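From a predicted model like this one, the values you see are computed outputs, not experimental measurements. We name chains A, B, ... by the order of the sequence lines, and we start the count at 1 in each one.
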Amino acid sequence: MRILQLHCDSIEYTPTKKEIKSAEDIDNPQTQKLEELVVAFVAIEDGDDSSVAQNAISQIKNSMEKIGCKKLLLYPYAHLSSNLAKPSVAISLLKEMEDGASELEVSHSPFGWTKSYKLNVKGHPLAESSKVITKDSSDSKDSGEITSDALKGESKIRSYWKIMSPDGTLSNIADFNFSKHKKLEILAKYESAKVRRVDQPPPHVALMKKMAIADYEPASDSGNMRFFPNGRLIKSLIERFVNDKVKEYGGYEVETPIMYDSEHPSMVSYFNRFPARQYNIDSDGKKLFLRFAACFGQFLMANQYQMSYKNLPYKLYELTRYSFRREQSGELVGLRRLRAFTMPDCHAFCKDLPQAIDEIKIRFELSQNVLHGLGIVESDYEMAIRFTEDFYNENKSSIEELVKKHGRPVLVEMWKEKFFYFVLKWEFNFIDNLGKASALSTDQIDTENGERYGIEFVDEDNKKQHPIILHNSPSGAIERIIYALLEKAATDSKEGRKPQFPLWLAPTQVRIIPLKDEFNDFSDELFEKISAKDVRVDIDDRNESIGKRIREAEKEWIRYILVIGEKEKNSQNLSIRDRQTGDVREIPFDDFLNEIKEQTKGKPFTGLNLPKYLSKRPQLMV
RNA sequence: GCCAAUGUAGCUCAGCCUGGUUAGAGCAACUGAUUUGUAAUCAGUAGGUCGUGGGUUCGGAUCCCGUCAUUGGCUCCA
C-alpha cells in the first residue's frame, strides 16, 4: 500500500464519472468540501491484506495525533502504484481502514470514480509525508516528508559530518569523545542532527531593552531594529573597531548602493542559482532588490579595475549598513536574526588557488583577533569548516593548518560535490547558554563569481583570467556581536557574576555622585578633568538618596562610581567604588586614569551619547 | 511560511477559566517635604478606547472568528 498524506486547510472534490464497472454507487455526485483535515491518497496494491490496512490506519492516526488534526479523508488514488490490487479487495480494505479510525471524523471519497479536486496543503514540515506499507515489513518504511521544490536542491547536497582534531585526524561524530568539548558537541548536534533544546526566550532580548540598547520598531518590518543612544554608541564603536582592523589588514574601504536591478545580467544568473529571499521594490518599472550582502557592489566595482596579477591579492571592504534578508518571520529573534543588519564584508581577489589559500590563513587570524578584541573569547565559539571532497583531497594540509590555528577540534562538513559557489567555507559559531549556535566570523573560497561578474586580471603570460574571490566577514553581523555580548552577560549573571560590557563599550564608564548640591561645582570640575582624558563620565545630580543612586548605577552596569563629599573635596585622592569588587578604593587621579586607559588600550573612543546630568535625562522605558 | 503560547498604565504584572458598579498593584513620571557616606527616604497627583477589526449578548478586558506583533518549536540561515 502506498499513501501520500497531506495536512490541508481544505479540499473540494467532484466525482465526474465512473471509471470502472465496479465503482462504488453514490447517491448524488455533488461537490464535497471539507476543511482542516488530513487527506490520505491511498493506492492499495496487489498482496495487501487486512494487516496492512490496520498497520496503515494506525500510522495515519499516529501522525494525525502529532499534528493535532481530527478529520481524515481517505482518497483512493490509483496513480501512486503500478501494481494495484483488484478493485474488490481494494474497496474492502479501504472500508476497513475507515472503520479502524472511527474515533476520528473519517470519510472516503468514492472509489472508482474520476474526480476533479482542489486542495490547499498547509506548509508546515509535517504537513506532507508518504508511506509505503507492505505485508512483510512489520514496521513499514516512512519516507518522511516530501520536500517542496525550493528545498529539493538543498536536499540533493550529499554531505558527511566529521570532527577534525588539531592534528588532522578525522573522526565520526558518533565516535568522537566530546567530554572536553561540550560546546562543540552542541554545534555538531545542532548542525548535523538539527537538535534544538530551547524553550525560553533568549535573555539578550530582555537585556537589549533594559539596557536601552535596541528595540523592535513596530512601524517598520519585523527584524528591522531601532537603536537608542546607548545602542548606537556601542554599535558605532564596534563598527569602528572592525573597520580599523580590516584596514590594518589591507582592505580598502568602499561604499556601494544598497539596491540593485534584479534584471541586470550578472544578477540574473546569481538569482537563478539561489532562490533568494530579498526585499523587492518596484520603481518606475524597474525591479529592484535590497542587497543581502556587499558582494554585488564590490564585484561590479572590481569589474571596472584593470588588474594585473602583480596587483593581487587586492582587497575591497565595506561595512554594510544595511544588508537585508527577508528571513522567514518565525526565524527572527532579537538581535540574533534580523532582516536588516550591519555586516562587514571583505573580498580578496586572488590570482590562483595557492594565493587564495595563503590569503585565507591571514584572514583567519584577522577574524580571531577581531573577535578577541570585541570580548568574544575562544571558549565562546566553535569552528566549523565545510569543503568539497575534491578540495579536501587536493588541499589537505592547508585545511589541517586552519584547524591547527584554531587549536581545538572542529566540526567538518564534507560535500560529495560542489553545490554552492564556493569550494571551502569556515565559520566561528557562537554558542549561547541556551545551546543556540549562530555564525560570527566566516570566510569562503569562491571559484565562480569572478567569471559571473566578468572580473578579470592579466596573468604572467598576458592572458586574461578570472580571479578566485575570498568572502570574509571578520566579525559577522555587528548586531550579532551585541547579541553575543549580552548573552555572555546573561550567563555571568546566571552564574552569580556581575554582568558587564567591556569597558571600552560601556555607555558610561565613570559616574560621579555628589553627596549634596554644595558639591556640584566640584563634581563639574572633576567631570571636565576626566572627560578631557577621553573617558565617558556623567553626573547623577538628582535629589535622591545616595543608596538609590548607587543602586541605579549598578543596574546600568557602570564600572566606576565616584561619590563626592567633604572628604573627597579635601583630598588629593579619589574614592572609587569599583563594581567588580563592590569595594571602595582610594587612589590618586592619575592612577585611576591609567587603570582605565590600560583596559581600553587600542580601542576606539567616542564621547558620552547622553546628557551629562542625570536630571536632564529622560527615562527610556522599553 | 507552518504549529502553539502570549499581548491589560511608560515598564513589570494581577483581573479573563465561571461575562455584570468607576479595570487594580509595584516601579517610573509629576508636585511637595527631605540634603542624604556606597544596591531602593516619605507623602500626594496624574496616567488605561484592555494589540487591532468583526461577531455573540441587555451587557465583552473576560466568550467566538479574523488580523498584527512578540516568543517557542519546525523549517531556513548562499
Side-chain angles (χ1 to χ4, degrees), chain A residues 7 9 66-69 121-128 145 147-148 150-151 153-155 157 190-191 194 196-202 205-206 209-210 212 215-223 270-271 273-278 292-293 295 325-334 336-338 341 386 419-422 425 427 429 434 436-439 442 444 446 448-449 471 476-477 480 498 511 513-520 542-556 561-568 575-579 582-584 618-622:
Chain A
H7 189 193
D9 287 321
K66 256 188 235 162
I67 54 180
C69 181
V121 182
K122 291 181 189 280
H124 66 86
L126 298 175
E128 303 166 304
E145 70 194 67
T147 44
S148 69
L151 296 172
E154 299 261 326
S155 64
I157 314 171
Y190 196 89
E191 288 289 329
K194 311 284 182 196
R196 315 288 142 105
R197 57 159 208 231
V198 188
D199 56 355
Q200 46 183 309
V205 175
K209 299 179 185 199
K210 210 153 68 186
D215 196 8
Y216 303 106
E217 173 51 75
S220 181
D221 189 27
S222 313
Y270 201 95
F271 272 97
R273 183 97 201 223
F274 299 104
R277 282 199 193 100
Q278 73 283 48
F292 27 99
C295 305
R325 291 185 195 172
R326 260 199 53 96
E327 308 292 7
Q328 299 181 76
S329 55
E331 296 166 1
L332 304 168
V333 216
R336 169 154 32 94
R337 200 83 193 279
L338 297 169
F341 52 94
R386 303 149 202 263
F419 177 76
F420 302 113
Y421 55 69
F422 45 80
K425 175 192 183 193
E427 84 247 343
N429 292 278
L434 299 177
K436 285 271 189 181
S438 10
T442 174
Q444 303 161 2
D446 169 359
E448 268 184 24
N449 282 308
H471 299 232
R480 196 169 269 187
K498 289 192 172 178
R511 170 149 303 162
I513 304 181
L515 211 51
K516 307 188 219 172
D517 294 348
E518 61 186 271
F519 303 114
N520 285 356
R542 295 171 306 163
N543 176 13
E544 298 287 355
S545 72
I546 192 76
K548 180 160 179 175
R549 284 182 285 170
I550 285 171
R551 177 181 152 85
E552 293 193 359
E554 283 279 348
K555 284 168 69 179
E556 287 180 56
I561 300 173
L562 310 182
V563 175
I564 303 301
E566 201 64 42
K567 199 175 88 198
E568 287 70 25
S575 303
I576 293 152
R577 187 185 201 278
D578 186 335
R579 181 163 172 274
D583 296 334
V584 180
Q619 286 281 327
L620 192 47
M621 305 302 295
V622 285

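Picking from B/U41, B/A78, B/U36 the nucleotide with the shortest atom distance to the side chain of A/F422 gives B/A78. Residue A/R577 places its side chain closer to B/U38 than to any other of B/U36, B/U38, B/A69. The side chain of A/S222 approaches B/U70 more closely than any other nucleotide in the set B/G72, B/A78, B/U70. Distance from the side chain of A/K498 is smallest to B/A39 among B/G37, B/A78, B/A39. Closest contact between the side chain of A/Q444 and the listed nucleotides B/A78, B/U38, B/U36 involves B/A78. Distances were taken from every side-chain heavy atom of A/Q328 (C-beta onward) to each of B/U36, B/U41, B/G1; the shortest belongs to B/G1.
Atom CZ of A/R325 is separated from atom CZ of A/R337 by 8.0 Å, given to the nearest 0.5 angstrom. The distance from atom CG of A/N429 to atom NZ of A/K436, rounded to the nearest 0.5 Å, is 13.0 Å.
B/C27 is paired with B/G10 under the criterion used here, namely a Watson-Crick or G-U wobble arrangement in which both key atom distances are under 3.5 Å. Pair assignment for B/C58 gives B/G20, based on Watson-Crick or G-U wobble hydrogen-bonding distances that are each under 3.5 Å. B/C50 is unpaired under the criterion used here, namely a Watson-Crick or G-U wobble arrangement in which both key atom distances are under 3.5 Å. Across the strands present, B/A4 finds its partner in B/U71; the criterion is a Watson-Crick or G-U wobble pair with both atom distances under 3.5 angstrom. Across all strands shown, B/C76 forms no Watson-Crick or G-U wobble pair with both distances under 3.5 Å. Nucleotide B/U36 forms a pair with no other nucleotide shown, judged by Watson-Crick or G-U wobble geometry with both contacts under 3.5 Å.
Considering A/R549, A/E554, A/K548 in turn, A/K548 is the only one that fulfils the side chain to side chain contact (heavy atoms under 4.5 Å, CB included) rule with A/E552.
At a cut-off of 3.5 angstrom, counting only N and O atoms as typed in the model, there is no donor on one side facing an acceptor on the other between the side-chain of A/E331 and the base of B/G73. Contact annotation: side chain of A/R325 to base of B/C77, donor-acceptor pair absent below 3.5 Å.
Toward the 5' end of RNA chain B, the nearer of the two residues A/E427 and A/I550, judged by each one's closest nucleotide, is A/I550.
Residue contacts shown for A/K548 are limited to sugar-phosphate atoms, with no base heavy atom under 4.0 Å away. The residue A/G582 sits apart from the nucleic acid: no heavy atom pair falls under 4.0 Å. Residue contacts for A/L515: at a heavy-atom cut-off of 4.0 Å it reaches a base atom on one of the strands shown. At a threshold of 4.0 angstrom between heavy atoms, the contacts of A/E568 include nucleobase atoms, whether or not backbone atoms are also involved. At a threshold of 4.0 angstrom between heavy atoms, the contacts of A/G330 include nucleobase atoms, whether or not backbone atoms are also involved. Residue A/Q619 is classed as a sugar-phosphate contact, given heavy-atom separations below 4.0 Å to backbone atoms only. As judged by a 4.0 angstrom heavy-atom cut-off over every strand, A/L332 is placed among residues touching the sugar-phosphate backbone only.
A sub-4.0 Å separation between OP1 or OP2 of B/A69 and a side-chain N or O of A/S329 is absent. Between A/S545 and the phosphate of B/U36, there is no side-chain N or O to OP1/OP2 separation shorter than 4.0 Å.
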Between the protein and nucleotides 23-25 of chain B, which nitrogen or oxygen pairs are less than 3.5 angstrom apart?
none

Return the polar atom pairs (N/O with N/O) between nucleotides 10-14 of chain B and the protein under 3.5 Å, or none.
| unit_1 | atom_1 | unit_2 | atom_2 | d |
| --- | --- | --- | --- | --- |
| B/G10 | O2' | A/M621 | O | 3.0 |

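The shortest side-chain heavy-atom distance between A/Y421 and A/Q444 falls under the 4.5 Å cut-off.
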